[in-house]
> 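Let me give you the structure first, and then I'll get to my questions.
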Amino acid sequence: MRDLLVTKGPKRDCSIVKGPKDKFSRRFLANWYTRVLPNGETCDRDWLVYSKELDRVFCFCCKVFKRGITIGQLVNEGFSDWIHVNQRLKEHETCMEHVKNMTTWYELRQKKNLAFRGHNEKLYQNSNGNFLGLIEMVAEFDPIVQEHVRRITDDNLHVHYLGHRIQNELILLLASEIKNEIIRKIKQAKYFSVILDCTPDVSHQEQMSLIIRYVNVSSNRIEESFLGFLNVDDTTGQGLFDVLQDELKKLDLDLFDVRGQGYDNGSNMKGKHQGVQKRFLDINPRAFYTPCGCHSLNLVLCDMANSCRKAKEFFGVVQRIYTIFANSTKRWKILKDNVKGLTPKSLSSTRWESHIDSVKAIRLQMSNFREALLEVSENDSDSKIESEAKSLATNELGDFKFLVAIVIWYEILFAINTVSKLLQSSDMLIDFAMEKIKGLISFFEEYRETGFENALNYATEIALELNIDPVFSQKRKIQRKRQFDENLSTASVELSEEESFRVNYFLYLVDQAVVSLKTRFEQYQQYESTFGFLFSSQNLQLLDDATLNSCCSNLEERLKHNEQFDVVGKELCVELRLLRNMLPGGKMGPIDILNFLKGMNCFPNTIIAYRILLTIPVTVASAERSFSKLKLLKSYLRSTMLQERLNGLALIAIENNLLDDIQYEDLIDEFASKNAARMSRFK
């Protein structure tokens with residue numbers, strides 16, 4: 001909640017110029033939002049907030065960041081003594097506690113990826129950026145900064161340490177400290193996984209995001225940490241692997257400690273012969289490859305959509321509905337007037353969330369969309385648009401087959417999208433992901449038996465609401481010419497329109513879904529055969545000694561490379577026999593068991609086995625999320641940003657939770673030790 005308040009800032013109602021009069025005929029005035037300085041200049045009191053309901057003023061930053069019990073009405077119940085308000089505001093804005101809270105507020109706002117620099121680098125000029133703006137603000141309250149700024153503006157000081165080179169140096173110092181802390185935790189964990197994904201930036205350079213997944217041994221929590229964007233020129237499997245290998249060497253991370261790989265389903269990544277995962281496995285066969293679960297679910301939907309012609313036509317109609325409204329502001333206004341809730345989205349072949357959004361909007365507001373299309377057909381001056389809108393309203397949205405299809409697709413997309421959202425968590429476990437995929441397969445197998453009848457019932461309700469006859473329209477039968485040698489006594493099988501729709505459309509989709517899920521997630525079966533006995537305490541309890549010994553030997557073999565062993569099978573088996581008798585009742589997952597073993601040095605092989613299991617990635621969602629920061633940092637106006645600065649800002653923005661643990665005094669000492677002039681100035 002506090003982060004949201006910091007981001008949005010105080011909300012002022014600028015329409016309120018004067019408040020209601022009190023018993024002394026005094027009232028709030030909007031003039032108090034502005035502070036008049038001794039030299040006649042004015043500055044905005046952006047921290048001052050007026051409550052219309054309470055008829056009181058508050059200090060926004062002190063209200064948000066106050067610590068413990070604080071004296072003062074501006075911080076607590078609000079100030080309404082309008083006779084003495086000017087005096088109270090001056091006292092408050094110069095007190096030390098308020099200055100500290102203001103500084104904290106601005107620091108947090110800087111964490112929200114605001115640009116440091118503007119169009120110029122001069123104090124007290126327009127468009128000089130957020131950094132210099134912050135310096136100007138602090139100078140109003142801090143006498144040391146005020147004196148420093150005065151000397152700069154009076155040209156008494158030339159080396160002022162406020163230029164862009166100093167900003168870059170400070171950014172790199174902070175980023176280096178964050179990166180060192182992440183690498184320290186990775187080395188402490190020993191085993192880690194690499195997660196990669198690529199995207200072009202605004203300057204048309206291919207950026208590869210590097211994410212490391214590991215178990216934080218101090219807290220036994222799974223962490224996925226960002227280590228930077230890598231600029232790649234060669235996007236082949238060999239080119240990407242070479243860049244990754246060089247970066248791991250620079251970070252002093254051992255390639256042979258990698259126990260997992262997580263990439264998307266691109267051929268240069270997952271290729272069995274020349275992909276990144278194959279080249280990695282050639283060097284380190286213990287680096288288990290997992291294709292991104294969310295990308296795989298997207299491909300399942302692609303397989304379903306391409307399984308039959310009617311499915312392709314369905315999404316073509318959905319896209320046409322979006323296009324006819326989106327291509328004109330006038331037509332979009334008609335849509336908004338008729339559709340008060342969800343609006344359609346443009347379809348994307350890679351972002352299937354757009355499909356569920358569009359299908360959901362039409363499915364839940366069918367009559368409103370139909371009314372909007374009819375209004376467009378009656379009022380649009382373009383005859384082509386008029387004809388297309390009328391066709392969509394009467395032929396497509398007025399067809400019972402389309403109504404059944406949209407009900408079916410909504411239920412399918414909703415089920416898959418729900419699982420996809422769950423898999424995107426950074427601490428997602430492979431056993432939980434397997435459970436959800438199995439549940440999805442079971443859903444489709446059950447939906448195959450009962451889904452069509454339910455869809456017919458829902459579609460019938462919609463059809464009656466739209467005054468549409470809830471029957472499948474009969475197509476004209478084309479008499480096929482029989483050949484001279486054809487057996488005329490053989491009767492041709494003719495299906496009803498409803499049965500034909502069920503067999504040639506519904507069953508196609510559901511059967512394709514089951515086949516694609518089993519095929520695209522077959523890697524999960526290998527994980528179950530290798531790590532399945534470690535998935536829960538119940539799995540351990542159900543195994544007899546012989547089976548447990550076999551599972552431990554199999555795990556030892558899978559985690560063996562040349563003469564190096566991660567675990568010793570016989571020792572692991574002995575430890576697990578003892579452990580299952582010590583575990584408390586109830587089902588415990590891998591993290592629960594690892595926390596139970598914390599501080600117990602007599603289970604080394606078990607702890608290693610569970611850490612490796614937890615290290616295996618499920619999706620590349622963390623890499624995808626880093627691209628959101630990339631677009632904020634390297635925007636159109638900052639397209640020439642150097643890679644070093646980009647990585648520094650990205651580390652600070654993405655891993656900002658580590659900023660609180662940094663020893664800033666040490667950073668200042670390091671900054672001052674860069675040259676002799678600084679050492680003499682900052683000693």
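Just so it is clear, the model here is predicted, and its values are computed rather than measured.
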> Strictly below 4.0 Å, N to O, side chains only: are K438 and E528 in salt-bridge contact?
yes

> Knowing that exactly one of E371, K333, E375 qualifies, which makes a side chain to side chain donor-acceptor pair (under 3.5 Å) with N338?
E375

> Are V194 and Y263 side-chain neighbours, meaning at least one heavy-atom pair lies under 4.5 Å?
yes

> Could you tell me whether a side-chain N or O of T619 sits under 3.5 Å from a main-chain N or O of C294, the two making a donor and an acceptor?
no

> Under a 3.5 Å threshold, yes or no: a donor from one side chain and an acceptor from the other, between Y214 and E223?
yes

> Salt bridge (charged side-chain N to carboxylate O under 4.0 Å, His left out), that's the test. Do E378 and K390 meet it? Break it down for me.
CA-CA 8 Å; E378 294 171 0; K390 188 173 183 180; over 6 Å; no

> Could you tell me whether the side chains of S622 and E224 share a donor-acceptor contact shorter than 3.5 Å?
yes

> Judged by atom type as modelled, is there a donor-acceptor pair below 3.5 Å linking the side chain of S193 to the main-chain atoms of G260?
yes

> Going by side-chain contact (heavy atoms from CB on, under 4.5 Å), E206 matches just one of L240, V232, D234. Which one?
V232

> Does the Q365 side chain pair with the main chain of L342, one donor and one acceptor, at a distance under 3.5 Å?
yes

> Within the structure provided, determine whether V404 and Y458 are in side-chain contact (heavy-atom separation under 4.5 Å).
no

> Please examine the side chains of I416 and L301, heavy atoms only from C-beta on, and report whether any two atoms are closer than 4.5 Å.
yes

> With the side chain counted from C-beta on, respond yes when D303 and R520 share a heavy-atom pair under 4.5 Å apart, and no when they do not.
yes

> Side chains of N504 and S500: is there a donor and an acceptor less than 3.5 Å apart?
yes

> F314 pairs by ring pair (Phe, Tyr, Trp, His ring centres under 6.0 Å) with which of F506, Y505, Y410, F402?
F402

> Please check: side-chain N/O of Q424 versus main-chain N/O of A621, any donor-acceptor pairing under 3.5 Å?
no

> Could E313 and R309 be called an ion pair, given the rule that one side-chain N must be under 4.0 Å from one carboxylate O?
yes

> Under 30°, 30 to 60°, or over 60°: which ring-plane class applies to F444 and Y447, parallel, tilted or perpendicular?
perpendicular

> Is any side-chain heavy atom of L649 closer than 4.5 Å to one of I171?
yes

> I'd like to know if R331 pairs up with D380 as an ion pair, taking the criterion as any Lys NZ or Arg NE/NH1/NH2 lying under 4.0 Å from an Asp or Glu carboxylate oxygen.
yes

> Taking atom CD of Q643 as the centre, does the number of heavy atoms from other residues, nucleotides or ligands within less than 6.0 Å exceed 12?
yes

> I'd like to know if D242 and R279 make a salt bridge, using a cut-off of under 4.0 Å between side-chain N and carboxylate O.
no

> Regarding S626 and S209, do their side chains bring together a donor and an acceptor under 3.5 Å, going by distance alone?
yes

> Measure from the side-chain N and O atoms of E655 to the backbone N and O of F226, and report whether any donor-acceptor pair falls under 3.5 Å.
yes

> K634 and S203: side-chain donor and acceptor closer than 3.5 Å?
yes

> Please work out whether the ring planes of F501 and F472 are parallel, tilted or perpendicular, with thresholds of 30° and 60°.
tilted

> So L196 and V620, do their side chains get closer than 4.5 Å, heavy atoms only?
no

> What verdict does the salt bridge (charged side-chain N to carboxylate O under 4.0 Å, His left out) test give for E388 and R320, after you've listed the backbone C-alpha separation in whole Å, the side-chain angles of each residue and the deciding distance to 0.1 Å?
CA-CA 9 Å; E388 185 174 1; R320 284 169 58 199; 3.4 Å; yes

> Salt bridge or not for K384 and E386, using N-O below 4.0 Å?
no

> Using the side-chain contact (heavy atoms from CB on, under 4.5 Å) definition, which of the options I462, L466, L456 pairs with F400?
L456

> The test is salt bridge (charged side-chain N to carboxylate O under 4.0 Å, His left out); show your working for R448 and E446 and say whether it passes.
CA-CA 5 Å; R448 191 182 195 276; E446 182 180 348; over 6 Å; no

